[in-house]
Amino acid sequence: QISDKLEGVFKKLRGQGKLTEANIDEALREVRRALLEADVNYKVARDFIKRVKERALGQDVLKSITPGQQVVKVVHDEMVVLLGGEQAPLDLTGSPPLVVMMIGLQGAGKTTTAGKLALQLKEKGRTPLLVAADVYRPAAIDQLEVLGESIDVGVYRAPDGTDPVEIARGGLELAKATGLDTVIIDTAGRLHVDDERMDEVARIKDAVSPREILFVADGATGQDAVTAASAFYEQLVFTGVVLTRLDSDTRGGAALSIREVTGVPIKYIGVSEKPDGLEVFHPDRLASRILG
Amino acid sequence: VGGKPRLDEETLEEIEEILIQADIGVDTSMDLIERLRERYGDADHEEVEQGVFDLLARELGSMLTVPTPIASTHRPTIILVVGVNGAGKTTTVGKLAKRFSDDGKKVMIAACDTFRAAAIDQLEIWAERTGADIVRHQAGADAASVAYDAMEAAVAQGIDVVLIDTAGRLHTKVNLMEELKKIQRVVARTIEGAPHETLLVLDATTGQNAVEQARAFHRDVSLTGLVLAKLDGTAKGGVIVAVTHELDVPVRLVGLGEGEDDLQPFDPEHFIAALLG
Ligand SMILES: Nc1nc2c(ncn2[C@@H]2O[C@H](COP(=O)(O)OP(=O)(O)OP(=O)(O)O)[C@@H](O)[C@H]2O)c(=O)[nH]1
Ligand SMILES: Nc1nc2c(ncn2[C@@H]2O[C@H](COP(=O)(O)OP(=O)(O)OP(=O)(O)O)[C@@H](O)[C@H]2O)c(=O)[nH]1
Ligand SMILES: [Mg+2]
Ligand SMILES: [Mg+2]
């Protein structure tokens, strides 16, 4: 427990008389260690600790009778601010059909999240259409169809060999023609260092002008979260982040890294494999989890 | 590293940054830094320059178990593939099927992911691509029953290697880990010494949670090897240093892409060189 650790640090320092800035540094080293163990990116953790130190000193922590608790409070509050303060909803403004595009690395949880999102939107009274634009992964289209079937949402697919950009266009056209108001495009997992694949997804964006582009990432991602997120952001300027598999015991520091480096809000978290396993993101809950 | 007459704190910080950003983890990084400080704290410039890299490479190397090839002398050799959701298990099974087929082995795939949408379809495509047989039931069937049928069929048909694909599961889900233990028990009862290999597939982009994943899977189904998938990305996969050091389970293979030939034996030297950049 980070608060216990810090109390321990300050107890030890108390005996030396008045607290000094160096004492705060020692406490913050414990915090930094906790952040790194939680997979927060190295540079993000360093910059974050600098800001926390300024705030802590500004708040007269040195004069407090419970400096450990106070430092934890500053850290927690600063983290909540960084993670986005309050919840950021999906942007559904504009005339229908609106397009939502899922992007991310291989295995992040895009297809499953597309299904979860479709179910949520349907329960809110919208009429979603799932679009199967992953032409590479074996049975990816079947996977989306099975999901669509299980939640009674239509899935648009095109014959083998159709270009993903054409599939996206076709899905949008079908939605327009049949009066469906939301198009959710599932794309193939791809590496940010695969220029051809990154170019493909940029072309899909140009073709259908999504209202929301959701970067889907595994909640257990380590230091690489920053590299991948920045590269995807540079290419696509995504508008929201979904962190999946947070039903595991991973601390989720990737959330802080991705948010800090791209400035994009985390909109949802995945908390189970089932179609109802999508929750709106709560910054304070994740902050407590990262701090352990 | 360098330009200074000794291994100063600034240089040690730079090294710490490299190690942490490679997902080596705080404890392991601090251990390595401490060893460097002891060994080179007062050394002169030239000795430090070359020494630091060599020492790090040597220390990292000593924490990695020497990989041995996958057991394939039993007939049939049973290989159980496990791991959390999305790690790369099914694709690794496909690649292994190709590898063994290329070696002239008769391969069978057991479709024991009976849960996830189109998991069996995905595996059927891999079986077709690689010329492997496949044993499958309908979606929702009992995974252990599929395993049992595959074992019987493998013996009856003179199969050389059986690759068992299992559903992704979080190590924190007790009921799912129990299901996995049951699959392993059924396999063990049906074929002497099986499974001959139990491979945990780890996604190279995973952070420190990979240590917990490996601990939990090792405790529940006794791993014989790791597969580090998606190493063709930018993630360094440094978390396997702590995993192999703690559990003494070797990394046997690395996944370097989505194609059937994108699987290679783990090369510790190459891995360490890439990690240290
Ligand atoms: N426990 C849990 N599992 C999840 C969650 N989201 C997705 N999964 C599982 O993670 C695995 C990968 O999910 P997919 O939706 O296939 O991932 P993807 O990004 O579409 O994968 P690619 O298309 O291959 O890039 C599947 O086994 C899903 O059931 C979640 O929030 N919790
Ligand atoms: N770039 C790259 N992608 C990989 C590699 N291994 C697997 N993938 C991709 O990762 C995604 C997930 O792979 P799967 O084989 O479906 O993973 P899984 O562990 O079987 O997933 P679940 O069964 O849902 O738990 C797919 O898009 C694969 O093509 C690899 O070594 N490199
Ligand atoms: Mg997918
Ligand atoms: Mg699979």
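Naming: A, B, ... by sequence-line order, numbering from 1 per chain. Since the model is a prediction, treat every value here as computed from it, not as a measurement.
Annotation: maximal heavy-atom pairing with chain A below 4.5 Å, among B:G86, B:A210, B:A117, occurs at B:A117. Among B:K236, B:E124, B:Q21, the residue making the largest number of heavy-atom pairs under 4.5 Å with chain A is B:Q21. Comparing B:Q208, B:E16, B:E17 by heavy-atom pairs within less than 4.5 Å of chain A, the highest count is held by B:E17. Between chain B and the residues A:A139, A:P138, A:S248, A:G107, the most heavy-atom pairs under 4.5 angstrom are made by A:P138. With chain A as partner, the option from B:D203, B:I125, B:I120 having the largest number of non-hydrogen pairs under 4.5 angstrom is B:I125. When each of A:E149, A:Q106, A:R46 is scored by its heavy-atom pairs under 4.5 Å with chain B, the top score falls to A:Q106.
Using a 4.0 Å cut-off between charged side-chain N and carboxylate O, A:D25 and A:K53 make a salt bridge. A salt bridge does not link B:K182 to B:E178: none of the charged nitrogens lies less than 4.0 Å from a carboxylate oxygen. Salt-bridge check for B:R169 with B:E179: passed, with a basic side-chain N closer than 4.0 Å to an acidic carboxylate O.
At a 4.5 Å heavy-atom cutoff, A:I141 makes no contact with chain B through either its backbone or its side chain. Heavy atoms closer than 4.5 Å to chain B are found in the side chain of A:D39, but not in its backbone. Both the backbone and the side chain of A:T250 come within contact range of chain B, with heavy atoms under 4.5 Å apart. For chain B, the nearby parts of A:L36 are the backbone and the side chain; heavy atoms of each come within less than 4.5 Å. For B:E258, the part sitting under 4.5 Å from any heavy atom of chain A is the side chain, from C-beta outward, and nothing else. When heavy atoms are compared at a cutoff of 4.5 Å, B:E212 approaches chain A solely by way of its side chain, counted from C-beta outward. For chain B, no part of A:R251 is nearby; none of its heavy atoms comes within less than 4.5 Å. Of the two parts of A:R32, only the side chain, counted from C-beta on, holds a non-hydrogen atom closer than 4.5 Å to a non-hydrogen atom of chain B. Using a 4.5 Å cut-off between heavy atoms, A:D194 does not touch chain B at all.
The closest side-chain heavy-atom distance from A:I49 to A:V31 is below 4.5 Å.
For the pair A:R197 and A:Y136, the distance from NZ or CZ to the six-membered ring centre is under 6.0 Å and the angle to the ring normal is within 45 degrees.
In the model, B:N85 has a side-chain atom that pairs as donor or acceptor with a side-chain atom of A:E273 under 3.5 Å. With hydrogens and angles left out, the side-chain atoms of B:Q122 and A:Q143 include no donor and acceptor closer than 3.5 Å. Judged by distance alone, the side chains of B:T234 and A:D224 do bring a donor and an acceptor atom under 3.5 Å apart.
B:A216 and B:H171 make their closest contact through CB-CB, 3.5 Å (heavy atoms, listed as atom of the first residue, atom of the second, distance).
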Applying salt bridge (charged side-chain N to carboxylate O under 4.0 Å, His left out), run through A:D218 and A:R245 and close with a yes or a no. CA-CA 6 Å; A:D218 180 355; A:R245 301 191 282 264; 3.1 Å; yes

